[in-house]
Amino acid sequence: MKSNDWDVLISSVQIQEAIRKLGAELTEIYSGKKIVVIPLLKGGFMFAADLVRSMGIDLQIEFLGAASYGEQTRSSGEVRLTLDTTLPLADRDVLLVEDIVDTGLTLAYIQQLIRSRNPASLRTVVLLDKKTRRQVDVDLHECVFSIPDRFVFGYGLDSPGGFGRNLPDIVALKD
Ligand code: 5GP
């Protein structure tokens, strides 16, 4: 895919500035606590890597992986767990870090899974929110950017061909 196939929607400078702000807020919210941060893979890995480095508290990292069957740019809503945590989450303060919420079905599934393990608290931060596409209600505590209903990739998210996760900006496919 060539760079004239996409537009830059959110630049790396805007992303880094917003994440520093969010990291400072979360540092205050969790002050004095030892939390478990769970990036949701694959797309959440880059956002989580920058976010944890902007948080000045003790934290552990666990991973959850989810994928949904579907066409290249639309999810079917049928979610599969591709990777599970190794630490018990009971009585822990859990921060779930997700790249993008579209219909909400993936997040609803993952939140239900974490809640079934009885954490002391669960907070969800999302980098990108496609509000107009929502099919189910999900608890979003912090959402960094609201975006229009366009297929986006870069900064952790993949293009329809499975590449593009290493772009520093978030870009949108041209119609
Ligand atoms: P949902 O279950 O909320 O419909 O979709 C969430 C998942 O679909 C995300 O975790 C992501 O993997 C994928 N997804 C939704 N919209 C986009 C998009 O615009 N770009 C990319 N790369 N993935 C998306």
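Every number for a ligand or one of its atoms is a count from 1 in the order of the listing.
Atoms of ligand 1 lying under 4.0 Å from any heavy atom of R150, numbered from 1 in the order shown and given with element: 19 (O). Numbered from 1 in the order shown, with element, the atoms of ligand 1 that lie under 4.0 Å from a heavy atom of T103 read 1 (P), 2 (O), 3 (O), 4 (O). For ligand 1, the atoms sitting less than 4.0 Å from at least one non-hydrogen atom of D158 are 22 (N), numbered in the order shown with element in parentheses. Less than 4.0 angstrom separates some heavy atom of D99 from each of these atoms of ligand 1: 10 (O).
Linking Ile, Leu, Val, Met, Phe, Trp and Tyr residues whenever their side-chain heavy atoms come within less than 4.5 Å places V97 and L83 in a single cluster.
A side-chain donor-acceptor contact under 3.5 Å links Q111 to the backbone of D139. Judged by distance alone, the side chain of R165 and the main-chain N or O of Y155 form no donor-acceptor pair under 3.5 Å. Between the T27 side chain and the G56 main chain, a donor and an acceptor come within less than 3.5 Å of each other. In this structure, E98 contributes its side chain and L107 its backbone to no donor-acceptor pair below 3.5 Å.
The part of E98 lying near ligand 1 is the side chain, judged by heavy-atom distances below 4.0 Å.
Ligand 1 has at least one atom lying under 4.0 Å from a heavy atom of K130. In this structure, L107 falls outside the shell of residues with a heavy atom less than 4.0 angstrom from ligand 1. In this structure, R134 falls outside the shell of residues with a heavy atom less than 4.0 angstrom from ligand 1. Within the structure, ligand 1 lacks G43 among the residues with a heavy atom less than 4.0 angstrom away.
Salt bridge R123/D93: absent, no basic N to carboxylate O contact under 4.0 Å.
Under the side chain to side chain contact (heavy atoms under 4.5 Å, CB included) test applied with V152, the options V171, L173, I100 reduce to a single match, I100.
Between G104 and ligand 1, at least one N/O pair is under 3.5 Å apart. For ligand 1, the polar-atom distance check against F151 finds no nitrogen or oxygen pair separated by under 3.5 Å.
In this view, F153 and W6 satisfy the ring pair (Phe, Tyr, Trp, His ring centres under 6.0 Å) rule, not counting sequence neighbours.
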